[in-house]
Structures are given as structure tokens and as C-alpha cells.
Amino acid sequence: MRRTKIADIIRTEPIGTELLVKGWVKAFRNNQFIALNDGSTPHNMQVVVDFEQLDPAQLERIRFGAAIGARGTLVESQGKGQKVEIKAAEIVIYGDCNPEEYPLQPKKQTLEYLREIAHLRFRTNTFGAVFRVRHTLAYAIHKFFNDRGFYYQHTPIITASDAEGAGEMFRVTTLPIENVPRTDAGEVDFDQDFFRRSTNLTVSGQLEAELAALALGEVYTFGPTFRAENSNTTRHLAEFWMIEPEVAFADLDDNMNLAEDMLQYVIRYALEHCADDLKILEDRLTEEEKSKPQDQRTMPLIEKLRFVTDNSFERLTYTEAIDILKNSNPNKKGKFQYPVEGWGTDLQSEHERYLVEKHFKKPVILTNYPAAIKAFYMRQDDPKEGVPGPTVSAMDILFPGIGEIVGGSQREERYERLVGRMQEMHIPEKELYWYLDTRKFGSCPHAGFGLGFERLVQFVTGMTNIRDVIAFPRFPGNAEF
RNA sequence: GCCUCAUUAGCUCAGUCGGUUAGAGCGGCGGACUGUUAAUCCGUAGGUCCAAGGUUCAAGUCCUUGAUGAGGCGCCA
């Protein structure tokens, strides 16, 4: 007999038919009622057994965590908690679960504890919901881009360019670290290394994605990304997944429109397809926030997501943001740890949070940052009245609770301008000859951005620590599992 | 990397001013019950108080160092 998934039973409710379900025992009450979960839905199926008919030795093995199969008839439930249940005719035990050794318990356990047993935390209601939502978001991203005619590109994970200026990198080498070969000059002899040069794990697929965009028109990447920064926060990982669209013949406005459309689309998709999971996550978050002071609580999760899908993001320039911050109450009263000094320095996260959470109370897109604090590839703006210094066509999208979720820009397509910036910032032109070639041959205006996938999952699930939205998080001092 | 806080039973926590035998709930184990919803009821076992050093007649409690975890900051997605 073929196994039926619990999600399908709940959807079609084929009363009276004989079914076979397989899953894990979430509870066994009264020697009669098995709450069975198979991962296809957050809901459990109640399996009713007749303990007087069942072999006592088998009855004993039905307990929290065990993998079992149950064959029986779907009937309307006499109890109140569920509409239908399976009257079991036969129970098969696939895997026992010794409660004296099993680290999970049928009770609330802290996220910190579950993080230590990440190999088992999939089995909890919370993480089941998180990983179903994570999948749905990933799928929605692919669907969004595919429906719009974007091509998914796979950019290298191992890269020789250490010139991208996007942070510390993990070295990739086959050289013996206990006895590194040296040249006569005493330097590491990369000629003997696997690739015959120094290589690292990628910090971004952007530069390669640009190459593809300047032929295929609209492309995106969605792959693992690595940063060897010693970041210990709730929103940084050493290994994370990033989505990087790149669009030819697009300017900064097109870029902002694309990012906003995409974010609203995928969040709406999750609301439509993961309603039950989001409800579980909302309840969890509400419970967690009960311990917080009233003024630090946020609106309920689903309401917050609807708010983002139904309201356009606030767009303003860095220069305008500085004005708002300078004149803000916390700045005047000296409440900021870093007072807003003036034009030209980067915003601190407390400033971003003020704009998003207090001033506008909605997602904010900041644009046209000072050139000095942004990357070399961003397009240089024409001087503008009222703007104290040179700026670039950059944009950052800031979300409540998360901070920066998207960073992007129109790219500098003018060869001389790009080379000029590279020289200023000491980016070796020789190494990036291939990147510069696109500006030499048929260059065109284009734009793109990077979206931190885990930060998106954080926002949608309401999980406050990024280590809880990826199965096996990598961060300083930890590569377990 | 910096700052703050934490670490007590399998889990979540309490432990007063430094004072005798370190407690609770849940979970486990044994039993009862049998239409339950984190089932309920009765009974029971379970402790390197994070580690090392120090102060003291006496340390879970105070001090020093370290480890681990959490939150904040920086870097950013």
C-alpha cells in the first residue's frame, strides 16, 4: 500500500478510505491517541489505536520521537481538536526512540539549546515551520525571476580575485599548512598550489553576474557566499546564501523597482503558501515578546508582513536622511551613541533603525551615498546642488529589525570613470581585466543588487537570530555538523 | 575584535546577608485510568552548582583567570 502524506489527507479529507501514513510520533496520549507528523504540514494526524488489541510490546515502542507507519481508515473525529483521524488497523515501528537518551522533549525548549542539537531541531514545530518557509521563499525567488525572463547563473564559488573589496576571504589551498613551500624571495610559492595561484571562497557573484547580464540581459545568481569576518551578531554568518540580480539597460530607479517588487512578491507568496507555518511562527514570536517591555514589542508577524506587501517603501537620498537624522529628537537630545556629525560618514545601525522603526515606520530605500564610503563599481553621480560631495548611484534597503537586507547600485559603465575609481581605491586593474573588458566592448548602463537570503528568511519567519534560519550555521568558532 | 549579562538535575529555572542535608516544574522510570489534545492522578530516582586558582572557621553564593552561551556594537547581505 502506498503512503499518503498528511498534507494531502487534510486537503482532500477522503472519509471512509483506507490509508497508510508514515511519520514521527509527536505525542501518545492515553495509550490511544498518536499525534503523527510527517513534515508535509505543520499539522499532526491523530491516529487512534485500540490498545486492547495491540501487542503490549509494540504499544510500548510507540513513543515520542519514534518513526512509525499506521494503516487504517479515515473517519470523522469524535474529539474536538481535529476534524478527521485514522482508526488504525495496523501499526509498524520503523525506528525506536529511547526517551532516556533522546535530547528532545515534548515541551518548550530554548532556541539556544536547540542550536546545540541542530541535527535534531528539524523535528520541532518551530524549525519545521522555519525550514518549510525557507524552501518556499527560495522557490518564490526562482519563480519571480523566471516569470520575468531572468536567467539563473551559477557563478564560481572558488575565485582567484581578491580585489572585490567585499571583506575578508577564506583561503582555498592544497598547500600543506604545516610546511608551506616558499620562493627564493621567501614568499608563499603559489606555483605549487592546486590552481597555481592564490584562491579564495567567493564573497560575491556580482562581478561575474555583470558579465552575463551584458549579453543575456537579465540574470540572477542564488548561491553560497563566504565572509571570513569575525562578526558575532544576530544577522551575520560566515557562510550564507545571496541572491544577486543584474540587469542590462537599467538605472537606479529600475533597480529599486525590481528589488521592491521582488521583496513584496516573495513575501506575498509565503503568506499565501505558508499560512499555517506563519501562524505557528507568529504565536511563537508573540509568546517570546511577552517577556519584553511593551514599547519594544513589534506588531504580530503576519500583520507586519502584510504591511510590507501592501505599502510602498520609502525612498530618499543619503543626504536627505542625514538632514532628518540631524534634526531628530534623539540626536538633539544626545540619545544616539554616535551623534550624527554631518555629511560623509556612514550611518550607524542605530541611525538606520531610527529611520525605519521610528521615523517612517516602514521599509526604507536609501540612495546616492557618498562615493567615499561605497564600492568602486558603483556609478558616479553628476554633482547636484545641495549635496556637499561626490555621490554614487547606490541603494540600500533597510528593514525593521533586520537592518540592511539589500545592497545594490547602478554600475559604473564608463571605462575611464571606472578605471579612475579603481586607481583611487587601489584596486588592481590587471587582475580585473576581464571586468574592465565589458566596459571596453559594448558597455551599457546596468544595475543590480545583493539580497541576503537568510535575512529575508529572518524577516518572514520572525526569528531574531540568523543562526536559526539556516540548518547548520557557520560562524566564528563553529562549524559543527 | 570590543562591551554587558549569564552558566545550578535530562530540559526550563529558583536558591535570601557567605552558614547545617541545594529545591520546583516539566521530562525519565514504576503504577492507575482509558475519547485524549503539551491528557490526568499516585509514587520514585536523578546534582563534578562551567573549569582552575584564591579569600574565609565556612563558598552554589565573594575575588582572579579561562571556557562556553546570549544580547549590543563594529564590519556587512
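Residue numbering restarts at 1 for every chain, and letters A, B, ... go by the order of the sequence lines. The figures here come from the full heavy-atom set of this structure, side chains too, leaving out hydrogens, waters and symmetry mates.
- The shortest distance between the side-chain N/O atoms of A:T225 and the OP1/OP2 oxygens of B:A77 is not below 4.0 Å.
- Between A:R353 and B:C73, a side-chain N or O to OP1/OP2 separation shorter than 4.0 Å is present.
- Within the nucleic acid shown, A:Q105 comes within 4.0 Å of at least one base atom, counting heavy atoms only.
- Atom C1' of B:A45 sits at a distance of 37 Å from the matching atom of B:C63, rounded to the whole Å.
- One atom, CD1 of A:I466, and another, C1' of B:C75, lie 14 Å apart when rounded to the nearest Å.
- Residues A:F453 and A:F222 place their aromatic rings such that the two centres sit under 6.0 Å apart.
- A:N44 comes within 4.0 angstrom of no nucleic acid atom, judged by non-hydrogen atoms across all strands.
- Remark: P of B:U8 and OH of A:Y113 are 13 Å apart, rounded to the nearest angstrom.
- Residues A:I324 and A:F360 meet the side-chain proximity criterion, which asks for heavy atoms closer than 4.5 Å.
- Heavy atoms of A:I405 sit under 4.0 angstrom from primed sugar atoms or phosphate atoms, though from no base atom.
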Quick one: which protein N/O atoms are closer than 3.5 Å to N/O atoms of nucleotides 29-32 of chain B? Pair and distance per line, please.
residue, atom, partner, partner atom, Å
B:C29, OP1, A:R63, NH1, 3.3

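- Contact of the A:I466 side chain with the A:R455 side chain is registered, since non-hydrogen atoms from C-beta on lie closer than 4.5 Å.
- The NE2-C1' distance, from A:H351 to B:C73, rounds to 12 Å in whole Å.
- Side chains of A:I365 and A:E260 form a contact here, defined as non-hydrogen atoms less than 4.5 Å apart.
- Taking the P atoms as reference points, B:G47 lies 13 Å from B:C11, given to the whole Å.
- Toward the 5' end of RNA chain B, the nearer of the two residues A:T464 and A:K374, judged by each one's closest nucleotide, is A:T464.
- The C1' atoms of B:U65 and B:U55 are separated by 15 Å, rounded to the nearest whole Å.
- Comparing A:G407 and A:Y102 along RNA chain B, the residue whose closest nucleotide (by nearest heavy atom) sits nearer the 5' end is A:Y102.
- Straight-line distance between the P atoms of B:G60 and B:G28: roughly 32 Å, to the nearest whole Å.
- No side-chain heavy atom of A:R474 sits under 4.5 Å from any side-chain heavy atom of A:L237.
- When the P atom is used for both B:G27 and B:A22, the distance is 25 Å, rounded to whole Å.
- Here the two rings, on A:Y338 and A:H351, have centers that are 6.0 Å apart or farther.
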Original post:
For nucleotides 36-46 of chain B, read 5' to 3', which letter fits each nucleotide if B means a protein heavy atom sits under 4.0 Å from the base, S means only the sugar-phosphate is that close, and - means neither?
Top reply: BBBB-------
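- The nearest whole Å value for the distance from the CZ atom in A:F64 to the P atom in B:G10 is 18 Å.
- A:E454 places its CD atom 14 Å from the C1' atom of B:C76, with the value rounded to the nearest Å.
- Atom CZ in A:R115 sits about 13 Å away from atom C1' in B:U68, given to the nearest Å.
- B:U44 and B:U4 have their C1' atoms separated by 43 Å, with the value rounded to a whole Å.
- Taking the ring centre of A:F475 as origin, the terminal cationic atom of A:R467 falls inside the region bounded by 6.0 Å and 45° from the ring axis.
- A straight line from CG of A:D468 to C1' of B:G71 spans 14 Å, rounded to a whole angstrom.
- Nucleic acid contact class of A:F240 (heavy atoms, under 4.0 Å, all strands): base.
- The CG-P distance, from A:N230 to B:C3, rounds to 14 Å in whole Å.
- For B:G69, the base has no donor-acceptor partner in the side chain of A:E112 [N/O atoms by modelled type, under 3.5 angstrom].
- Using a 4.0 Å heavy-atom criterion, one finds that A:L104 contacts no nucleic acid atom at all.
- Using a 4.5 Å cut-off on side-chain heavy atoms (C-beta onward), A:Y265 and A:K143 make contact.
- The pair A:D38-A:K5 does not meet the salt-bridge criterion, since no charged nitrogen lies less than 4.0 angstrom from a carboxylate oxygen.
- For A:S231 and B:C76, a side-chain-to-base donor-acceptor distance below 3.5 Å is absent, hydrogens and geometry of angles not being considered.
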**OP:** Tell me, with the steps shown, if A:E13 and A:K83 meet salt bridge (Lys or Arg N to Asp or Glu O under 4.0 Å).
**Re:** CA-CA 9 Å; A:E13 290 184 2; A:K83 279 170 82 178; 3.5 Å; yes
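- Side-chain contact between A:Y269 and A:T309 is absent, with no heavy atoms from C-beta onward closer than 4.5 Å.
- Checked against a 6.0 Å centroid threshold, the rings of A:Y152 and A:Y220 count as neighbours.
- When every heavy atom of A:V356 is checked against every heavy atom of A:P400, the shortest pair comes out as CG1-N, 3.3 Å.
- Note on A:Y338: only backbone sugar-phosphate atoms sit closer than 4.0 angstrom, heavy atoms only; bases stay farther off.
- Note on A:T234: a side-chain N or O is less than 4.0 Å away from OP1 or OP2 of B:G72.
- A gap of 15 Å separates the P atoms of B:G15 and B:G23, to the nearest Å.
- Dashed line: the shortest gap from a side-chain N or O of A:S349 to OP1 or OP2 of B:G72 is not under 4.0 Å.
- B:A52 sits 15 Å from B:A59 when the P atoms are compared, rounded to a whole Å.
- For RNA chain B, each stem of at least three Watson-Crick or G-U pairs (distances under 3.5 Å) is given as range with range: B:1-7 with B:67-73, B:10-13 with B:23-26, B:28-32 with B:40-44, B:50-54 with B:62-66.
- Ring pair A:F122/A:F472: centre-to-centre distance below 6.0 Å.
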